[in-house]
Amino acid sequence: MALKDTIADVAANDVANVVADTAVSGVSSNINLADTAVDVAANDVADTAVSGVSGVSSNINLADTLKILPEAPGVYRYYGEDGTLLYVGKAKNLKKRVNSYFTKEQTGKVRVLVNKIHRIETIVVDNEYEALLLENSLIKQYKPRYNIMLKDDKTYPWLCLTSGHFPRIYPTRRKDDVNATYFGPYAKVQTIHVLLDLIHELYPIRNCRFNLSPEVIASKKIKLCLEYQMKRCKGPCQGLQSEEEYLSDIAQVKSFVRGHIKPLLSSLRNEMNELAERREFMRAQGVKERLELLQQYQSKSLVVSEVLSNLDVISFIEKDEIYFFNFLHIEDGRIVQAQTVELKPRLDESSQELLASMIVEFRLRNESDAREIVTNELPDTLLQGITVTVPKVGEKKHLLDLSQRNILFYISEKTKRQDLVDPDRHGKRIVAEIQKALGMAVPPTHIECFDNSNFQGDYPVAAMSVSRNGALSKKDYRHFNIRTVEGADDYASMEEIIYRRYHRLVSENEELPQLVVIDGGKGQLAAAHKSIVALGLSDKIFLIGIAKRLEEIFRVGDPYPLMLDKRSEALKHIQTLRDEVHRFGITHYRKRHLKGIVRTELTSIKGIGEETATLLLKHFKSVKKIREASLEQLAEVVGISKAGIIRDGLAG
């Protein structure tokens, strides 16, 4: 057999089988993707492969392969030397996209991937949308090592409606019945049980597993069960309910589960009125009860819009190099499906690429036929016949915000669960983020932060707050009185405190912090660095300053400040340390200042000690108010004898 014919057969079978699975799952009703795949495989792929793109011939190297790639939309596959599929990707233009891996400067995992590529295969399709669908199918089938990892931590539950005679509906986590109809997936199994309870209240659907074929029913071998006695089943096993009537109920169950409540309510009202006109009041009462149950369910459902229906909302948030995607499906103004998943990119995929992939994944997984998608960013591939909207105001923007809040709640809950399992995880994450943000060689498990205070040069003090393993360590906080500096000299005060602190730690052979934070800008940082250098600790202590106005981070030797993300845990932790040292320092300053006032103003009066002075200050709040107080007011606090002494002393 000729090489071209061989490749045509192999490609036709491989691609047709893979893509036919996707087409059958109902992604697009206006595209016969299976037929497209066969045509593509038999014609374009065969010609392309023979020309050397797929590397089938060992005489064709990668360099030659790259030259003859088709300039058409399609899917490319990278294989390793041992034949392992490494990566599957889609492209508007295969030649440009694949060549970009080899002509541009690559970093990280992309460079590792490129070095491992031994063979390239391509599949040409009609447009980029078909390439996106085919890429999704190939990734699911082969699970290439370098493709994105979808993490949802569990298999979501579905509602399964069986095929055959007298179908039954039940919850499952496995979609292994190709003839069944599946509804979902649902984020919580409790939701399924609530729906099932309501379905059985509304409709007498059987839940037994018997094969109710006409022959089995005619044999009368199955006995009526408790469900029949409870009027939750009409006994089809004994021929007491026709299959036509049963399937009519099943049709309404399908409508209800899919969220089409308004048409269902209208249908029930019409049925009730028709039965009443025919004077079948008992049956009409049964329909009325179902109608009231549905109305109660509808009133409890969250109404997110009065006008929007059959709409998908798909949004994402990126955090710590993980993408969190949320999917909401809206029917009759209500959310009928909701799901949040994590996506960890393996290579340098853009957010637009990831969004396009997740749109296809969500629509396949949830079997959505919505013709409009609301999202927070345009994907890199537009889907045929589907409108993609990025709203700025209005009800659609409200839905988008709701989707984003669901993601934030998911992230928060995930963090709480992880912190319960690993209590130190939060601190480890903060330490790692600070290390990365500041470019430190070692993780800052021990951080000390300094600030000084004075009032017009009087009562100069300093304070230190401490963090260990990402958490405040208040037992390690320290106060300092400035000893050698005269007047208001913040730089000299900082230089003194830093020198005294670390000279003592070195002399006592105590543990040194990996990071020291100075509350201040370049001036305070330079003063602190002077002491660090004098002690020979430049290579042991990483020093930074944080300026109050713009929350800028200054590093020694760096002429430009570092601006950390305002929402980052690294900056928030540094700010907390700064705020703590400020609070702690001010408390100490006020105490010392108060003592100074007591000594100079009140204790200088003969016969008045610190205890009496403190009592007066607590009551009157200041020396000025003590001086203005009457003799009677002073006597109420310290007695008439001392009141007279204070009155005379302050007057003199």
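Values below: every heavy atom of this structure, side chains too, minus hydrogens, waters and symmetry copies. The model shown is predicted, which means the values in this text are computed figures rather than measured ones.
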If you measure from [atom1] on [X] to [atom2] on [Y], what distance do you get to the nearest 0.5 Å?
X	Y	atom1	atom2	value
Tyr79	Thr84	OH	OG1	10.0 Å
Lys96	Ser100	NZ	OG	11.0 Å
Gln339	His329	CD	NE2	13.0 Å
Asp82	Lys116	CG	NZ	9.5 Å
Ile330	Glu395	CD1	CD	10.5 Å
Leu543	Phe450	CG	CZ	9.5 Å

### Task
Answer yes or no: are there more than 12 heavy-atom neighbours, outside Lys530 itself, under 6.0 Å from its atom NZ?
no
### Query
Is it true that atom CZ of Phe409 has more than 12 heavy atoms of other residues, nucleotides or ligands lying nearer than 6.0 Å?
no
salt_bridge([X], [Y]) N-O dist < 4.0 Å:
X	Y	result
Glu510	Arg501	no
Arg405	Asp401	no
Arg77	Glu121	yes
Glu353	Arg97	yes

#### Entry: Residue pair Leu134, Ile123: steps toward the side chain to side chain contact (heavy atoms under 4.5 Å, CB included) verdict
CA-CA 9 Å; Leu134 179 54; Ile123 302 172; 3.8 Å; yes
Minimum-distance pair of heavy atoms, taken over all atoms of [X] and [Y]:
X	Y	answer
Gln524	Asp519	CG-O, 4.3 Å
Leu562	Ala437	CD2-O, 3.4 Å
His529	Ser538	NE2-OG, 4.2 Å
Thr445	Gln514	N-OE1, 3.1 Å
Leu505	Pro513	CD1-CD, 4.4 Å
Asn452	Asp490	ND2-O, 3.3 Å

Donor-acceptor check, side chain of [X] to backbone of [Y], threshold 3.5 angstrom: yes or no?
X	Y	result
Ser412	Leu408	no
Asn147	Lys143	no
Asn376	Phe316	yes
Thr389	Pro391	no

### Message
Is any side-chain heavy atom of Leu311 closer than 4.5 Å to one of Leu328?
### Response
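Not in contact.
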### Query
Looking at side-chain heavy atoms only, is the closest gap between Ile447 and Ile434 below 4.5 Å?
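Yes. Closest side-chain heavy atoms under 4.5 Å.
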### Query
What do you reckon, are the aromatic ring centroids of Phe554 and Tyr560 less than 6.0 Å apart?
no
### Query
His479 and Phe584: aromatic ring centres closer than 6.0 Å?
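Yes, the ring of His479 comes within the 6.0 Å limit of the ring of Phe584, centre to centre.
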### Task
Show your reasoning for whether salt bridge (charged side-chain N to carboxylate O under 4.0 Å, His left out) applies to Arg119 and Glu81.
CA-CA 7 Å; Arg119 189 173 90 245; Glu81 189 171 0; over 6 Å; no
### Task
Tell me, with the steps shown, if Asn136 and Glu361 meet side chain to side chain donor-acceptor pair (under 3.5 Å).
CA-CA 7 Å; Asn136 181 273; Glu361 175 65 25; 3.3 Å; yes
### Task
Show your working on ring pair (Phe, Tyr, Trp, His ring centres under 6.0 Å) between Tyr146 and Tyr78 and close with a plain yes or no.
CA-CA 10 Å; Tyr146 285 91; Tyr78 293 154; 9.8 Å; no
Go through the side-chain N and O atoms of [X] and [Y] and say whether any donor and acceptor fall under 3.5 Å apart.
X	Y	answer
Ser351	Glu318	no
Asn326	Ser315	no
Glu495	Ser531	no
Ser568	Asp565	no
Arg500	His503	no
Ser465	Glu448	no

### Query
Would you call the rings of Tyr87 and Tyr76 parallel, tilted or perpendicular if under 30° counts as parallel and over 60° as perpendicular?
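Plane angle between 30° and 60°, so tilted.
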### Task
Begin with the C-alpha distance, continue with both residues' side-chain angles, and end with the deciding distance and a verdict on side chain to side chain contact (heavy atoms under 4.5 Å, CB included) for Ile314 and Val374.
CA-CA 6 Å; Ile314 302 174; Val374 172; over 6 Å; no
### Task
Give the intermediate values and the outcome of side chain to side chain contact (heavy atoms under 4.5 Å, CB included) for residues Leu378 and Gln352.
CA-CA 7 Å; Leu378 285 175; Gln352 295 92 341; over 6 Å; no
### Message
Assess the residue pair Glu130 and Lys90 against the criterion (salt bridge (charged side-chain N to carboxylate O under 4.0 Å, His left out)); give the C-alpha distance rounded to whole Å, side-chain angles, the decisive distance to 0.1 Å, and a yes or no.
### Response
CA-CA 9 Å; Glu130 291 182 17; Lys90 63 168 177 58; over 6 Å; no
#### Entry: Stepwise salt bridge (charged side-chain N to carboxylate O under 4.0 Å, His left out) test for Glu321 and Lys344
CA-CA 7 Å; Glu321 299 181 354; Lys344 186 173 183 179; over 6 Å; no
### Message
Run the side chain to side chain contact (heavy atoms under 4.5 Å, CB included) test on Leu354 and Phe325 for me, step by step, so that the C-alpha distance in whole Å, both residues' side-chain angles and the decisive distance to 0.1 Å come before the verdict.
### Response
CA-CA 10 Å; Leu354 297 177; Phe325 283 85; 4.0 Å; yes
### Message
With salt bridge (charged side-chain N to carboxylate O under 4.0 Å, His left out) as the criterion, how do Glu433 and Lys436 come out once you've worked through the C-alpha distance, each side chain's angles and the decisive distance to 0.1 Å?
### Response
CA-CA 5 Å; Glu433 189 170 329; Lys436 181 180 178 181; over 6 Å; no
### Task
Please determine which of Lys566, Arg578, Arg567, Lys572 meets the salt bridge (Lys or Arg N to Asp or Glu O under 4.0 Å) test together with Glu551.
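Passing option: Arg578.
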